[in-house]
Each structure stands twice: as C-alpha cells, then as structure tokens.
Amino acid sequence: MKYLQEEVREKLYRSIKGEYDISPEEIIFSIPPDRKFGCLSTTIPFILAKKKKEKPFLIGSRIIEKIKAELPYFSEIKLAGGGFINFYFKKGFLFKYLIEHKDRKAADKKQKVIVEHTSINPNKAAHIGHLRNACLGDVLVESLRFLGCEVEVQNYLDDTGIQVADVVWGLLHYGLEEIKKIKGLASYLWQLYADVSKQLAGNDQFKEERNKVHQKIEDKIDPEYEISNYISQEVLRDHIRVMDMLGIRYDLLVRESDIIELDFFKSAAEIMLKNRIMYPSADPEKKGCQVIKYKRENIEKIIIRSNNTVTYIGKDIAYSLWKTGLFEKDFYYKKFHTYADRVKDIYITDSQGGKEDFGFGNAQTVYNVIGIRQSYLQNIISEEVIAPLSPGDSQREAIHFSYEMVALTPRCVEELGFKITEEEQKKSHVDVSGRRGIAVKAEDLIGKLIVKSLQEVKLRDPDIEEEKAKKIAREIAVGALRYFMIKFSSKTVIAFDFKDALAFEGDTGPYLQYTLVRINSILRKLESREAFPEKQDLELSLLEENEYGILYEILLYLSLMEAQVELAIKNSEVSVIANYTYTLCQKANHYYHLFPIIAEENQEIKHIRLSLILLVKNKLEKLLALMGIPVPEKM
RNA sequence: GCACCCGUAGCUCAAUGGAUAGAGCAACUGACUUCUAAUCAGUAGGUUGGGGGUUCGAGUCCCUCCGGGUGUGCCA
C-alpha cells in the first residue's frame, strides 16, 4: 500500500539519494499550521543542510527544480521559512484521490510477526493492569495486520511458577473434586491468593511447605500436580473468557511446563555457549555460574546458577529463540478452545503428540507486550541474545513493547475498602498488588461500565427492548474501556480512578462511537442513497468559502490515516491512533453540526457533504476496528 | 552508587526538533419543535519545574540543579 505522503516521499528520495546519505524514513511530512504554507510540508532541506553544511534554502530550491515535473497533483511547490518545502494541491485533487483510494488494501508485506501479550499468571482473576496489557497488545496486533503483516498472537502461561504453588498450598485441605465444585474459581482464588500471601509473609514454616508443594508440582506428584493443572487451566479459561468480552483473541497458548518438559533451555544453552553469548563467569563472586554480559550496564547476568539450576530469564530466552526461529526444536500442539462464533480456534502447546506442522513460531519480528519494569531482562534478550544470533540477511528482531503500570489513586483504594498507610495516602497513586489483593478486577470494572451505560441507554430511550439495550450497553462499555486503556502514552502511569474510567463524554470511547453512530443515522434517514452515487469529480466551487475551508481541513486530516498507523508501530505507541481518531471525530462533529446534509436543498452541495461523510465513515470504521471499539446500532 | 523514565492550564493528559503549545474534565455563558444535546459554539485558565548550552528554529536534544518514579537478586 502506498499512501499519498509515501508517494511524494519516494519521488523526493529518488531526487536526493545520490547526493546525500539519507534513508527514506528521514523524510517526514506534516500538514502546515496555516493553508498559506500549503497542504503538505517537509523540512528535509534543513536536515540535509546539517549533513553537508550547506544553506537549506539552496538545497530546497534544487530539490524543487528536480521534482516539480514529476508530481502532477500539485499546483505549486514553494520554498518558505528558509527551508520548508510546501506543497499545494491542485483544486479538487484531494477529494478525488481519497475517494479513489478509499478501500485500497495494504500491500502484502509477507512478514510474519509474533505478538505475545496478556500472559497473566494463571492463579487468579485478571485485573486492570492486565487489561492495559491486553488492550495495547490487541491494537498492536490489528495495526500490524492493517499494514499487511501476518500476525500470530501468543499468550504465555506460567503454569509452573511459585504463584500457582501459593494457591495450591492454600487449597490443599480440599481434594480436587471439591475444588471442581467452586463456582467462579478465578475470582475465588483472587481472595485466597491475598490471604495466602499474608499467611506466608513472615512464616518460614509455611514457606517451606509451599516450596515442597512447588517441588511436587514440578515432579508431577499428585494431588499437588493435578490440582495445579486444574487451577491453571480453569483460570486460563476465565482469562480467555473475559478478554473475549472485549474482543481480544489469541492463536496460541504457550505453556511454560512444556518448555521445561521438552528441555528447550538445554538447546538454548548450547546455542549460546557455541556463540560465546553465555560463558562461565570469571568473577569470584559468581564462581561456577554461566552468565551473559549486558553491555549497556556492564553487568554479568547469571543464567545458570552454581548449583546448575536455571534462573527466571532462562525460560524466556528459550521461548524467544523459538519465537524468532533461531532454534531447531518445536512444541507439539492440540486444540484448546473454539470461540462461540466458531470462526477461530485457540491452540495450546503440548509436550507430546503427533508431528503435525502447525506453522507456529519462526517469525521475523517478535513483540513482547510486557511492563516497563521488565526492561532489564527484555533488553538482555533482545540486545545480547537475539540480535547477535541474527545474521544480516535474515534479520530477526525481538522488540520489548513496554508500558507503564496501572496504579490506583489513594481515593480509589479506599473506595475499594482497603486500608492504606499514611505514606500511601500522600502519594499520587498506589501500586496494584495481587499479593495484597489491591486492584480492580477486570470483570468487576466491565460490570460497572455495563451497569452505567445501561442506565444511560435507558435514559435516552425509555421504551427500548431489554435485550437491545443490554447489547448496546455492552458495546459502549467495551468502547469506553478499550479507549481508556490505550489513549495514554505508554510511558504514562495510569492513576486509575472510577470517575475517569467511567466517563462517557469528551475524550472517551463513547464519543468516538457516537460520532459514527450519528453518521450512520444520517445515512439511514437519507431518502435515497441511489440519487447520490460515488463520484470523484464533485464541483467543490459550489461551496461557500467557510464550508470549503472546514471540509478541506478534514480531507487533509483524513489523508494522514495510514501514516498515523505506521507511526504508531514505528514508535511502539498505539496511543497515536487513539489521539488521531479523537481529533478526526472532533472535526467531523464540528462539520456536520454546521452543515446539515438531509435538509440541504441544493442537490450538488448535498452530494458533496454526503461524500465527505462517507469518507469519514470509511476511515472511522477502520480506526475503531483497529482499537477493538464496537459500533452500536444506536446510542 | 550506576542505568532508565517522568515533571506542560486548577485536575487528567496531547503535541515526528518546525511555523501561533492544544484537548478533555471542572467553572462560567449560550444552542434541543432541527441529520441523536453521549453533541456543538463561546469565556476564562501557561515564564512547558529552575538555570545554562547546541540549532535557522527547543516543551522536545545536551549539561546542571530541584522534585517524583522504576530497575539494578545465585527471587520469580
């Protein structure tokens, strides 16, 4: 897919690449703040001037001379402000261009990408922090697909971790049959885990018991093993169910127990030793340990302890090598779950089975959506393991898609009924803590959102059928939640508060939904769509100046859409898409508020307005789909 | 100690090194017999934490100070 700016960029690049050392990505376009500076602008002469110590003005003039004849869509290309190159579209071009390219598909880049997200410890219900992870991950997935990548979504299951052992220890006085009778297991374990954590803290005897449970799980000794298996599966099913409520889905579940069972780490260690990535430490304090050098901080990170056991990072390294295809071994697989609409199945890894090739793994680029606190380990994997093992011709890349935590405002913590210390009281936010049970459960939040939106729906339409109202309420709840989780930049700590999260006005998901719902409503009420066929050569000069100006700004803004999605991926910052969509909606609302469509008597003008609204609808539908925000029938 | 991140309107946040720093919320004023008021229009609100520097141009890059946060384990 080539969008408008990309086409111009290509021509520009060809005209300068012989003279300057520059990559196409460095040529960046923006829409100038004032139309007197044109409709599209680049500062490339300034950038080139820095590289060669020349006058930007002269470089700019030379570039314009070279490309002028090659770019037919512009009436003028002017140099301004000492080095800006400003492009002026021919009248009517942009409208025509956007209509013509409305449903253009992304080029098939044939690149396979794996995105790992969600990856919640399977010992309790999901909370708001996990929601941020899954929502960010899912927008990343859909954006990559939009840009033409083949994406495989993986969810990693730490089924052998100490957290599972904690709750198994807490449940040991029950037998498996009794545990199976527990309703809402994930939610039940939420409280149990908090209680267990309290008991374990400062009680060495309990901890020792728990460690024995952990060991028995690893050695597959019942009842500990079967209980742990049951719990992690059931909790996983609960996580999948909750995420499916938000439209978030997976292709493959990867179990840590299978990585251990199939001895992936052994193969990983062989590769790393052979390539001198891992080596025996010479540091007397790390005598007998195998380490990886982390150059950025000049630290040796222990991978294999002196007692020959593997540290936490080891399993992640093996998994990453498998994901990037730098590794011979593979898992076995079986079907785990079919979604209710039956359009998709989830598979899960296994440690035995048939040799069927499912084609999982082996991607060129691997994203791991995980909190910023994991940066240290993720950087080691990406910089010290994956990068050096990737030969230049088949570059493999592991990208840490990081984000800050969701925390709670002190007020919110108190609303939830927890006591907080005086110290915490003074802070702007308090960390979510599974161990203390301090968090908002994902499903509780979704429930609150549904209750509130149902009220709003009924307020606006008291006669609405119950089922219809519920469906719309769910859609609004999902829209509000998903937008809230991605609208902040990933470096912002979200200080969660019900007041903000339950907002339906202003910069919120429902605002975006409302914009599209109203556009759809206009189209429904239009007496006849047939009277206004899609037409590329509309007579824009019929519009009075004010309307033309506002309409033109929307067209310009619409032309940025694909570039914005690319920018979001390039910067690992999907909030770009949320912000862009919000601004687009503001512009659209402003326009059709000023210029009514159905009531317009001049059929030509009506045709123009309708065409614009259809363009906005087309882009907005795509954007909402990228963000997983549903479109209600009415609001 | 070392490394990284953050500090922008009363609050919550935007702003690829680019032309006049923008939104939402809260406050105030106005627009529903009208294509849906979950909307729209308007008023007010700023020394971008302080100070230096680089640059044609700095909220953005560099240095420094102040304030806040995170990571840095033979834990996971």
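- Of the residues near RNA chain B, A:Glu256 and A:His429, the one whose nearest nucleotide (by heavy atom distance) lies more toward the 5' end is A:His429.
- Side-chain to base pairing of A:Thr508 with B:A38: no donor and acceptor N or O lie closer than 3.5 Å to each other.
- Nucleic acid contact class of A:Gln586 (heavy atoms, under 4.0 Å, all strands): sugar-phosphate only.
- In this structure, A:Thr43 reaches the bases: a heavy-atom distance under 4.0 Å links it to at least one base atom across the strands shown.
- Phosphate contact (OP1/OP2 of B:G69, side-chain N/O of A:Lys427, threshold under 4.0 Å): present.
- In this structure, A:Arg518 reaches the B:A37 phosphate: one of its side-chain N or O atoms is under 4.0 Å from OP1 or OP2.
- Remark: the A:Ser306 side chain and the B:C74 base include a donor-acceptor N/O pair separated by less than 3.5 Å.
- When the nucleotides B:C25, B:A19, B:G57 are ranked by their closest atom to the side chain of A:Pro32, B:A19 comes out on top.
- A:Tyr511 comes within 4.0 angstrom of the backbone, heavy atoms only, and of no base.
- Among the nucleotides B:C74, B:A38, B:A19, the one closest to any side-chain atom of A:Lys286 is B:C74.
- Annotation for A:Lys471: atom NZ does not count as buried by contact number, only 12 or fewer foreign heavy atoms lying within 6.0 Å.
- Using a 4.0 Å heavy-atom distance criterion, A:Leu377 is classed as a base contact.
- Atom OH of A:Tyr20 has more than 12 neighbouring heavy atoms from other residues, nucleotides or ligands inside a 6.0 Å radius.
- Distance from the side chain of A:Lys315 is smallest for B:A76 among the nucleotides B:A76, B:C74, B:A19.
- If you check B:A23, B:A19, B:A76 against the side chain of A:Tyr582, the one that comes closest is B:A23.
- Contact annotation for A:Phe595: base contact, defined as any heavy-atom pair under 4.0 Å involving a base atom.
- Taking 4.0 angstrom as the limit, A:Ser489 places a side-chain polar atom (N or O) nearer than this to OP1 or OP2 of B:A14.
- Considering only side-chain N and O atoms, A:Arg305 lies under 4.0 angstrom from the phosphate OP1 or OP2 of B:C75.
- If you check every strand for non-hydrogen atoms under 4.0 Å, A:Ile597 touches a base.
- Within 3.5 Å, no donor on the side chain of A:Asn379 pairs with an acceptor on the base of B:A3, nor the reverse.
- OP1 or OP2 of B:C40 sits under 4.0 Å from a side-chain N or O of A:Asn589.
- Remark: A:Thr492 is in phosphate contact with B:A14, judged by side-chain N or O atoms under 4.0 Å from OP1 or OP2.
- For the residue pair A:Thr309 and A:Asn307, a side-chain donor N or O sits within less than 3.5 Å of a side-chain acceptor on the partner.
- A:His593 has no side-chain polar atom (N or O) that falls below the 4.0 Å cut-off from OP1 or OP2 of B:A41.
- The residue A:Asn571 sits apart from the nucleic acid: no heavy atom pair falls under 4.0 Å.
- Using a 4.0 Å heavy-atom distance criterion, A:Val310 is classed as making no nucleic acid contact.
- Taking every side-chain heavy atom of A:Lys634 into account, B:U36 is the closest of B:A76, B:G71, B:U36.
- Proximity of A:Arg460 to the phosphate of B:U36: no side-chain N or O atom is located under 4.0 Å from OP1 or OP2.
- With B:A38, B:A76, B:U39 as the candidates, the nucleotide lying closest to the side chain of A:Pro510 is B:A38.
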**OP:** Map every base of RNA chain B to its dot-bracket character, where paired means a Watson-Crick or G-U wobble contact with both distances under 3.5 Å and | marks a partner outside the strand.
**Re:** (((((((..((((....[...)))).(((((.......))))).....(((((..]....))))))))))))....
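- The closest side-chain donor-acceptor pair between A:Gln586 and A:Tyr511, if any, does not fall under 3.5 angstrom.
- Checked against B:U39, B:C74, B:G18, the side chain of A:Tyr514 finds its nearest nucleotide in B:U39.
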